[in-house]
Peer 1: 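Sharing a structure below in structure tokens format, with a few things to ask.
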Amino acid sequence: MPGTLGADHSQGNPHRPRQGRAELYHNPPSLGFLASRMVTRYTSDLRGETPLLPFEPLDQYLQRQKKLAEVEARGFEAYPHKFDWTATPAELVEKYAAADHDALEASKPPVRVAGRILTLRLHGKAGFAHISGGGQRLQIYVKLDVVGPKIFELFQLMDLGDLIGVNGHLFRTRTGELTVWVSELTLLGKSLLPLPEKWHGLSDVEIRYRQRYLDLISNDKAREVFHRRAQIVRELRRFFDARGYIEVETPMMQPIAGGAAARPFVTHHNALDIDLYLRIAPELYLKRLIVGGLDRVYEINRNFRNEGISTMHNPEFTMLEFYQAYSDYHDLMALSEELFAHVAREVTGSTKVKYGDDELDFGNFQRMSMREAVCRYWPAGAAPAPSVADLAAPGGPRAAADRYNAWAQSHGREPIADLAAQKDGQITGLLFETLAESHLIQPTILYDFPTDISPLSKCRRDDSTLVERFEIYVAGMELGNAFSELNDPAEQERRFRQQVEAGGEEVPREVDMDYIRALAHGMPPTAGEGIGIDRLTMLLTDSHSIREVILFPLLRPEIPGEAAAGSDAADSSTQPSDDKK
RNA sequence: AGGGGCGUAGCUCAGUGGUAGAGCAGCGGCCUUUUAAGCCGAAGGUCGUGGGUUCGAUCCCCACCGCCCCUACCA
């Protein structure tokens, strides 16, 4: 019985102090999460009584419940099972875009259409509303002497956010807007909580991420981003399917987390009593499939890396990885250029894509070696820049890095740390990341990676300090990573052992002998590539944070009462104790 | 992890060392082609949490919580 909410609860609820509850009503950390927790508490506390649902804003929530009761009292169902519609609002808006007033008057196209009420303008004995569906808004017009008093009362009881279906025909108003002339209106789902503001929408980023559904309802841009994301994934599948690849799914839970350098998440399987890692890459399993004769495979799925969160990193992210047998990285350079141009064109209509202040041209990749990039973007103040030959010479990268660090320190820049422990190839990689990466705005294929930082790649035919590997950089972000796969089991085992011996949190603690055994059965020369789908989506939707392209990005869980931790004991009995801070 | 910013009504935002305001939403009333509908009326806030300075704190100081941005790690 919602009406008693503000009243004294001491009878039904003697052990629950008033103060704590009032505080939660009026200072919710956020509306949805808090409320959902409290529902379970109150339903159990009240045993048999109508559960109290103390959602914020309470006054509006209670008001809407009251209307819900009035709707039901008039014999209408608040939550019916289905509604047979003939078109979505979006389809109607599109289909009748060109139909003028007279044409509609002549044909009076009949429609049955459903959607969520986003605006409501009551004018006494008539009223307008917009319902949304399929990402478009369609106006409806409800008139007392058309629908009759019973339905008109129902209409007057509607709130913003309610889901309704209408039956009628299309016409255009005086101002020319396509509108449904409603003859029948059905409530399809009551909304008990208000929508975000109708004009500004929802801009609080935290609520946008935590309650993404509100973002999707009220911000067109958000909905478009995720539609486009789906389109991107669809185009990628089309691209590979058309080229004879098969899509596969390999383990997410792996006994040894390999295929990349990253700290894994750990989980545990009870029946087997073993720890497992959430995969950091599907790579080693996909290559087992190449051994197995699936000569062209791809997988689009999640990877998990236990690292920090930033505008470019989410702990779980989606990667496309694909492998093709009897190929090398040159083949993949060509394929990648084709792939990005294809996806950009199909999804945005052009290979030229606006990204912030830049226009990225996915139809025109530049190619550059890692050493060239370091030389080209060497800071003028630290002149002279090293030459490519300098960086190729033994000790050359270290000399260059020492020179850079000396300059950086005297100019307030962050020096490259830990140089002493690094090999030449590692230093070259660090120099690239420090000096060059952020400058690679236009789509770039960066090739000639040092062997020292590429344990899974084949060496160059003419230079064992380099591997046949390239990465794709766009807008200063690493977007893809590809190489001629190392298929010599002895060489692979040697490199794995080196890694394990060198240690570190981002390296497996043991050599994946099962993978080596697979290679020992013989893997064809193979080229493989990984592409970050979230980042690609960022680029193709002009989004500048990865959280804008992930529906539910990882956020710190919100625990009611935590904000007042230590001072408000009212809820401590029901809160999980949070001992890791 | 370090630096910066933000947190005021359900939403979008103003604002001040003397305990707060607008628009939208909500409530009551009028209104049968409106569209950020309009008009009239009433309501809504322990200004993120806790502590300190002060006669007095939403404002100043400290700590904490959450979010955003930058840097670091990573893709």
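Each chain gets a letter, A, B and so on, in the order its sequence line appears, and its residues count up from 1.
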Peer 1: Decide yes or no, distance alone: a donor-acceptor N/O pair under 3.5 angstrom between the base of B:rU34 and the side-chain of A:Thr173.
Peer 2: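 In this structure, the two groups form a donor-acceptor pair.
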
Peer 1: Return the set of residues passing side-chain contact (heavy atoms from CB on, under 4.5 Å) with A:Ala129 (not counting sequence neighbours), or none when no residue passes.
Peer 2: A:Ile117, A:Leu120, A:Ile140, A:Phe155

Peer 1: Produce the list of close N/O pairs, under 3.5 Å, pairing protein atoms with atoms of nucleotides 69-71 of chain B; give distances to one decimal.
Peer 2:
residue	atom	partner	partner atom	Å
B:rC69	OP2	A:Arg547	NH1	3.4
B:rC69	OP2	A:Arg547	NH2	3.2
B:rC70	OP2	A:Thr311	OG1	3.3

Peer 1: Ignoring hydrogens and angles, answer whether the base of B:rU34 and the side-chain atoms of A:Arg121 contain a donor-acceptor pair closer than 3.5 Å.
Peer 2: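 Yes.
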
Peer 1: Please tell me which of the listed nucleotides, B:rA75, B:rC68, B:rU33, lies nearest to the side chain of A:Arg535?
Peer 2: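 In terms of side-chain proximity for A:Arg535, the closest of B:rA75, B:rC68, B:rU33 is B:rA75.
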
Peer 1: Between B:rA1 atom C1' and A:Glu307 atom CD, what is the distance in whole Å?
Peer 2: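 To the nearest whole Å, that distance equals 13 Å.
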
Peer 1: Is it true that A:Glu283 and A:Lys287 make a salt bridge, defined as a side-chain N closer than 4.0 Å to a carboxylate O?
Peer 2: yes

Peer 1: Quick check on RNA chain B: between A:Asp204 and A:Asn481, whose nearest nucleotide comes earlier from the 5' end?
Peer 2: A:Asp204

Peer 1: Could you pull out the protein-nucleic contacts involving nucleotides 21-24 of chain B (nitrogen or oxygen on both sides, under 3.5 Å)?
Peer 2:
residue	atom	partner	partner atom	Å
B:rG23	N2	A:Glu197	OE2	3.2

Peer 1: Can you check the A:Phe128 CZ to B:rG38 P distance for me, whole Å?
Peer 2: 14 Å

Peer 1: Kindly say whether, by distance alone, the side chain of A:Glu177 makes a donor-acceptor pair under 3.5 Å with the base of B:rU33?
Peer 2: no

Peer 1: Under a 3.5 Å limit for both distances, which nucleotide forms a Watson-Crick or G-U wobble pair with B:rG45, could you say?
Peer 2: none

Peer 1: Give a yes or no on this: more than 12 heavy atoms of other residues, nucleotides or ligands lie within 6.0 Å of atom CD of A:Glu94.
Peer 2: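 No, the 6.0 Å shell around CD holds no more than 12 heavy atoms from other groups.
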
Peer 1: Under the 3.5 angstrom rule, does the side chain of A:Asn219 hit a backbone N or O of A:Leu202 as a donor-acceptor pair?
Peer 2: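 Yes; judged by distance alone, with no hydrogens or angles, the pair exists.
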
Peer 1: Would you say a side-chain N or O of A:Ser203 is under 4.0 Å from OP1 or OP2 of B:rC13?
Peer 2: yes

Peer 1: Checking all strands, does A:Ala260 fall into the base, sugar-phosphate, or nothing category for heavy-atom contacts under 4.0 angstrom?
Peer 2: nothing

Peer 1: Sequence neighbours left out, what passes ring pair (Phe, Tyr, Trp, His ring centres under 6.0 Å) with A:Phe483? Give chain and number order.
Peer 2: none

Peer 1: Return all side-chain donor-acceptor pairs below 3.5 angstrom for residues 166-174 of chain A, not counting sequence neighbours, or 'none' if the list is empty.
Peer 2:
residue	atom	partner	partner atom	Å
A:Arg172	NE	A:Ala99	O	2.5
A:Arg172	NH1	A:Gly176	O	2.7
A:Arg172	NH2	A:Tyr96	O	2.8
A:Arg172	NH2	A:Ala97	O	3.3
A:Arg172	NH2	A:Ala99	O	3.1
A:Thr173	OG1	A:Thr175	N	3.4
A:Thr173	OG1	A:Thr175	OG1	3.1
A:Thr173	OG1	A:Gly176	N	3.4
A:Thr173	OG1	A:Glu177	N	3.2

Peer 1: Quick one: do the A:Tyr473 and A:Glu471 side chains pair a donor with an acceptor below 3.5 Å?
Peer 2: yes

Peer 1: Map A:Trp181 and A:Glu316 onto RNA chain B by nearest heavy atom, then report which one ends up closer to the 5' terminus.
Peer 2: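 With A:Trp181 and A:Glu316 compared, the 5'-side residue is A:Trp181.
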
Peer 1: Using a 4.0 Å heavy-atom cut-off to protein, can you give one letter per nucleotide of nucleotides 26-32 of chain B, 5' to 3': B if the base is in contact, S if only the sugar-phosphate is, - if neither?
Peer 2: SS---BB

Peer 1: Find the distance A:Tyr61:OH to B:rA9:P and express it as a whole number of Å.
Peer 2: 22 Å

